[in-house]
K.L.:
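Before anything else, here's the structure in question.
What you see is a predicted model; the values in this text were computed from it and never measured. Reminder, nothing fancy here: chain letters follow the sequence lines and each chain counts from 1.
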Amino acid sequence: MSDAATNTENSPTTGAEMAKAYSHEAVEAHWYDWWWEQGYFTPGRHSPKGPYTIIMPPPNVTGELHMGHALTNAVEDVLIRWRRMQGYDALYLPGEDHAGIAGQYVVEKELAQEELSRHDLGRERFVDRAWDWMNRYRPRIRYQLRRLGASCDWSRECFTMDPGPARAVRVVFKRLYDKGLIYKGERIINWCPRCMTTLSDLEVENEEEAGFLWTIRYPVAGDPNEGILVATTRPETMLGDTAVAVHPDDPRWQSLIGKEVILPIKQRSIPVVADDEVDLEFGTGAVKITPGHDPLDFEIGRRHSLPTLNILNLDGTLNENAGSYTGQTVSEARRGVVSQLEREGYLVGVEEHTHSVPHCERCGSVLEPIVSDQWFVRMPPLAEPAIEAVRSGRIRILPERFTKVYYHWMENIRDWPISRQLWWGHRVPVWYCDNGHRFASALETVPACEVCDSSNVWQDTDVLDTWFSSGLWPFSTLGWPDHTPDYDYFYPTSVMETGYDILFFWVARMIFQGLENTGEIPFHTMYLHGLVRDEHGQKMSKTKGNVVDPLVLADRYGSDALRLALATNSSPGNDQKFSDQRIEQAAHFANKLWNAVRFVLSYGGAEAAGGRQAALEVQDQHSPLANRWIISRFSRTVEEATRMLESFQLGEAGRLLQDFVWSEYCDWYLEAAKGALRSDDPQAREATLQTARLVLDGILRLLHPYMPFLTEELWQHLHGWPSRDESLPVDSRSIMKAEWPVPLGIDEEAESSFNTVIEAISRIRNARAEAIKDAPDNQKGETAKRRIEAIVVGGASTAMLRREADTLTRLAQLDPNKLSIVESLPPEQRPDKAVTLVMGEIEVLLPLAGLVDLDAERKRLQTEAEEAKGEISRAEALLSNEQFRVRAPAQVVDKERAKLAAAQERLAKLEERLLQF
RNA sequence: GGGCGUAUAGCUCAGUUGGUUAGAGCGCACGGUUCACAUCCGUGAGGUCAUAGGUUCGAGUCCUAUUAUGCCCACCA
């Protein structure tokens with residue numbers, strides 16, 4: 001932050017003013033750049049705690065980061081910053097993905113604006129153009145990650161097309177190729193006529209669409225009066241039919257098995273075959289077989305040695321095998337074929353029918369199944385160890401329910417088509433020579449054939465599925481296949497974190513690639529988060545126009561608010577709806593924190609910094625009760641928050657911390673501390689100031705993973721700007737490198753005593769509010785302002801309450817001159833008309849005569865007595881149950897006994913009091 | 001056709017080894033210009049935890065079924 005921005009004289013006084021006075025962007029950029037300059041993001045390799053590694057899922061270099069990225073980075077950065085503070089060598093390795101088909105798509109779109117196609121440029125110039133795009137957009141991604149506060153090590157940044165990862169791709173390909181786990185073969189694949197490439201099943205989006213089911217009659221050869229009825233949703237594919245299949249047991253068609261039928265339009269003779277896969281129930285029970293354009297037909301065709309007839313060009317139009325339909329689109333041909341069938345009397349019927357239609361995930365075009373020669377990864381042998389790694393617990397998938405999804409997919413896995421007919425991506429590292437040899441090579445360029453040494457060699461023209469390189473990401477980023485120091489130290493990684501929507505695409509592939517190629521698991525824990533949806537629960541998408549730009553939110557509310565909102569408003573694996581209200585809430589919290597720091601600083605400033613030791617030394621029995629209470633509460637919070645982070649309950653931990661800060665530290669502790677801070681007793685003042693600072697320092701550190709910028713700014717204020725002190729060791733200058741807080745000790749007695757004070761104050765405030773409500777309108781204001789008289793009957797707590805009289809007086813708005821605290825009070829000394837608050841051994845009498853309706857007060861006491869009775873009978877019933885006493889843990893039973901005793905005591909006092917009405 | 005998730009206060013959602021009168025934020029009602037904060041403070045109303053069974057001394061939490069809703073997977077032409 002610039003000096004102008006931190007000049008205390010011109011300093012804004014509230015977080016709100018600060019937000020107005022300075023752009024979040026400037027403050028955040030200041031700290032981010034400074035952290036980077038200090039070297040905080042770059043871990044060493046020598047911590048006694050060892051490494052903690054998260055490899056960032058590389059965002060596609062195809063555009064802007066969206067809310068999903070913001071969530072991913074918030075979650076990952078929370079984990080990294082927390083572990084870094086715990087002393088691990090925490091590596092958060094950033095990178096970007098070349099995005100294969102998506103990357104090519106955006107570049108083509110840009111070209112289209114210049115009325116050019118990639119073919120106008122040719123492959124080489126197109127790839128140059130793609131690199132140009134990447135180089136323009138990568139800085140944008142980097143900038144966005146910085147804005148989000150991602151504490152990643154830019155010195156290790158990777159791009160999937162960098163030389164290192166590219167070599168890893170070739171090495172892996174060659175390995176699998178040489179082991180026979182990658183092969184080339186003719187299979188039926190999904191073809192996108194727009195993108196002009198093969199797609200894997202995962203890249204297909206099936207959509208239910210309304211269509212028709214046509215019934216067509218294929219006459220029996222030589223016996224035109226007989227025929228077989230076939231049902232189809234895609235009649236135009238009949239042009240490629242090479243058989244009709246029926247179920248072997250189907251009585252309707254059994255007599256025709258083995259006979260020939262005439263394919264209408266083409267007037268070609270095709271056989272009727274019997275196959276178990278045919279569903280007796282569906283349609284007419286007879287299926288036209290088009291091995292060239294239907295996956296099931298392809299299988300049946302193979303089983304029966306049927307010829308495969310391809311009727312489509314690669315652009316989706318019909319080819320010369322379609323006769324008079326050549327050159328038409330599929331839908332044109334469909335209309336034509338149907339009307340021709342109708343004209344010629346082959347169409348028997350048509351009915352409405354919804355069926356699922358495959359679309360290209362990227363461009364939305366209807367996909368065509370075609371038979372094509374492609375590269376495949378043989379999956380079953382690779383899937384087996386990948387399943388085992390999860391089953392044995394070596395890899396943990398969170399939330400656990402996703403393990404079932406993972407198993408199901410892995411156990412039914414099919415070979416993975418990895419070649420894409422694109423220009424942008426990793427070239428298939430397979431080479432051919434003029435003598436007909438073929439081999440895979442890990443070299444970027446191959447001078448000669450490995451077999452015959454011919455220098456006339458050329459490389460396969462296809463590129464690899466982008467997920468092929470993504471699958472290597474956990475180790476290709478660390479220098480593999482070389483045993484670099486980074487690879488040896490940081491691999492296997494600790495946590496991989498991503499959305500559940502890419503469990504198959506990415507997670508599954510990283511697991512089998514890691515196991516196969518490195519012999520180790522790629523990560524210990526797989527943490528899956530949910531989707532960020534809009535406020536109506538809709539998926540955000542550009543076409544819907546409901547996309548929220550995280551950076552716009554960061555500008556308006558601050559990155560800290562954005563991160564906190566994203567990280568705390570969800571639970572693992574579940575989608576979250578995101579609305580402005582959520583982030584406003586987080587921004588309010590940031591403001592609250594700012595003000596708490598401002599308050600504490602106003603009583604001592606940074607110069608009072610005595611450190612933890614000094615603060616703890618003033619923590620003795622003479623310290624005000626609130627100090628001991630907040631230290632104890634803080635300790636519990638540290639324990640709880642740490643436990644939650646360890647079990648990946650980031651949302652719960654974040655909420656716990658906010659709650660502690662707001663409801664306990666600010667609402668109770670700081671309010672109570674005002675007494676001591678403003679008192680004449682230097683000892684109490686010092687103890688309280690030190691405690692307030694100590695806990696505040698701990699709060700900032702606990703919150704730092706969630707709100708890095710604000711906590712750094714405030715921590716600097718609190719500690720007298722160590723960031724500007726060149727004489728300090730580098731690691732002492734920032735909250736980023738401060739130690740994760742440890743519990744300072746639980747003080748049961750202080751907690752219970754202060755709880756009594758809290759309860760007394762709450763009950764008095766409550767009674768006062770009731771009185772205000774009952775008061776006539778013109779007296780409400782006066783009643784609200786009035787300091788009231790109180791008699792506190794304290795029993796054994798009398799001494800404690802006397803010591804806390806100031807807190808009681810101020811927070812309950814009592815009149816300090818009319819407060820009496822006594823151990824006991826005989827009935828005859830009790831004021832006649834007083835509200836009586838009964839709580840355990842303590843009673844508070846508020847002579848609110850004239851303010852309170854006595855009938856109402858009697859009713860209130862009666863209601864309370866009824867409640868106490870209810871509680872008593874409930875507890876008695878429970879405790880009289882022998883099973884409960886025997887089987888429930890002693891702790892629970894004791895708790896119930898205590899509750900019963902308390903309720904009985906309360907009831908006795910209430911009844912005694914009621915006698916006076 | 002399989003599998004998974006969700007159903008808790010008016011709204012959005014927490015609630016991880018089952019412990020006994022269920023929490024938050026927002027909204028709502030009443031009051032408050034207290035020298036950290038009106039992006040605030042105090043008080044309050046509001047829930048048969050989808051329904052029906054079951055297990056258990058005890059169920060929002062475990063089991064079964066049902067309903068609603070969402071998602072994933074799948075070669076019914």
K.L.:
Counting the atoms with a prime plus P, OP1 and OP2 as sugar-phosphate, which does Leu878(A) contact under 4.0 Å by heavy atoms, base, sugar-phosphate, or nothing?
P.N.:
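The answer is base, as Leu878(A) lies within the cut-off (heavy atoms under 4.0 Å) of a base atom.
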
K.L.:
Consider only side-chain N and O atoms of His359(A) and Asn206(A), and report whether a donor and an acceptor are under 3.5 Å apart.
P.N.:
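The answer is no; no qualifying pair exists.
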
K.L.:
Categorize Pro369(A) for me: base, sugar-phosphate, or nothing, with a 4.0 angstrom heavy-atom threshold over every strand shown.
P.N.:
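It contacts nothing in the nucleic acid.
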
K.L.:
Reckon Ala784(A) touches a base, only the sugar-phosphate, or nothing at all at heavy-atom distances under 4.0 Å?
P.N.:
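Sugar-phosphate only.
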
K.L.:
Looking at every strand, decide which applies to Arg765(A) at a 4.0 Å heavy-atom threshold: base, sugar-phosphate, or nothing.
P.N.:
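Answer is sugar-phosphate: Arg765(A) comes under 4.0 Å of backbone atoms only.
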
K.L.:
Check every strand shown and say whether Lys780(A) touches a base, only sugar-phosphate, or nothing at a heavy-atom separation below 4.0 Å.
P.N.:
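Here Lys780(A) touches the backbone only, sparing every base.
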
K.L.:
Base, sugar-phosphate alone, or nothing: which one does Trp662(A) contact when heavy atoms must sit under 4.0 Å apart?
P.N.:
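Result for Trp662(A) = sugar-phosphate.
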
K.L.:
Just by distance, do the side chain of Asn412(A) and the backbone of His408(A) share a donor-acceptor pair under 3.5 Å?
P.N.:
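Answer holds: yes.
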
K.L.:
Assess whether one donor atom and one acceptor atom, taken from the side chain of Lys404(A) and the base of C4(B), lie less than 3.5 Å apart.
P.N.:
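No.
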
K.L.:
Taking Tyr665(A) for the side chain and Asp659(A) for the main chain, is one N or O donor matched with an acceptor at less than 3.5 Å?
P.N.:
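No; zero donor-acceptor contacts below 3.5 Å.
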
K.L.:
Check every strand shown and say whether Gln576(A) touches a base, only sugar-phosphate, or nothing at a heavy-atom separation below 4.0 Å.
P.N.:
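If one applies the 4.0 Å heavy-atom cut-off, Gln576(A) turns out to touch nothing in the nucleic acid.
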
K.L.:
Between the base of U16(B) and the side chain of Gln649(A), is there any donor-acceptor pair under 3.5 Å?
P.N.:
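Yes, a donor-acceptor pair under 3.5 Å.
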
K.L.:
Measuring only the P atom in each nucleotide, how far is U51(B) from U8(B)? A whole number of Å is fine.
P.N.:
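Nearest-Å result for U51(B) against U8(B) at atom P: 10 Å.
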
K.L.:
Reckon Arg678(A) touches a base, only the sugar-phosphate, or nothing at all at heavy-atom distances under 4.0 Å?
P.N.:
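Sugar-phosphate: the residue Arg678(A), judged by heavy atoms under 4.0 Å, touches backbone atoms but no base.
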
K.L.:
Can you give one letter per nucleotide of nucleotides 68-77 of chain B, 5' to 3': B if a protein heavy atom sits under 4.0 Å from the base, S if only from the sugar-phosphate, - if neither?
P.N.:
----SS-BBB

K.L.:
Any N/O pairs under 3.5 Å between the protein and nucleotides 26-29 of chain B? List them or say none.
P.N.:
unit_1, atom_1, unit_2, atom_2, d
C26(B), O4', Gln581(A), NE2, 3.3
C26(B), O2', Gln581(A), OE1, 3.3

K.L.:
Using Watson-Crick and G-U wobble pairs with both distances under 3.5 Å, what is the 5'-to-3' dot-bracket string of RNA chain B, with [ ] for crossing pairs and | for pairs outside the strand?
P.N.:
(((((((..((((.....[...)))).(((((.......))))).....(((((..]....))))))))))))....

K.L.:
Answer yes or no: is there a side-chain heavy-atom contact under 4.5 Å between Arg897(A) and Leu879(A)?
P.N.:
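The answer is yes; the side chains approach within 4.5 Å.
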
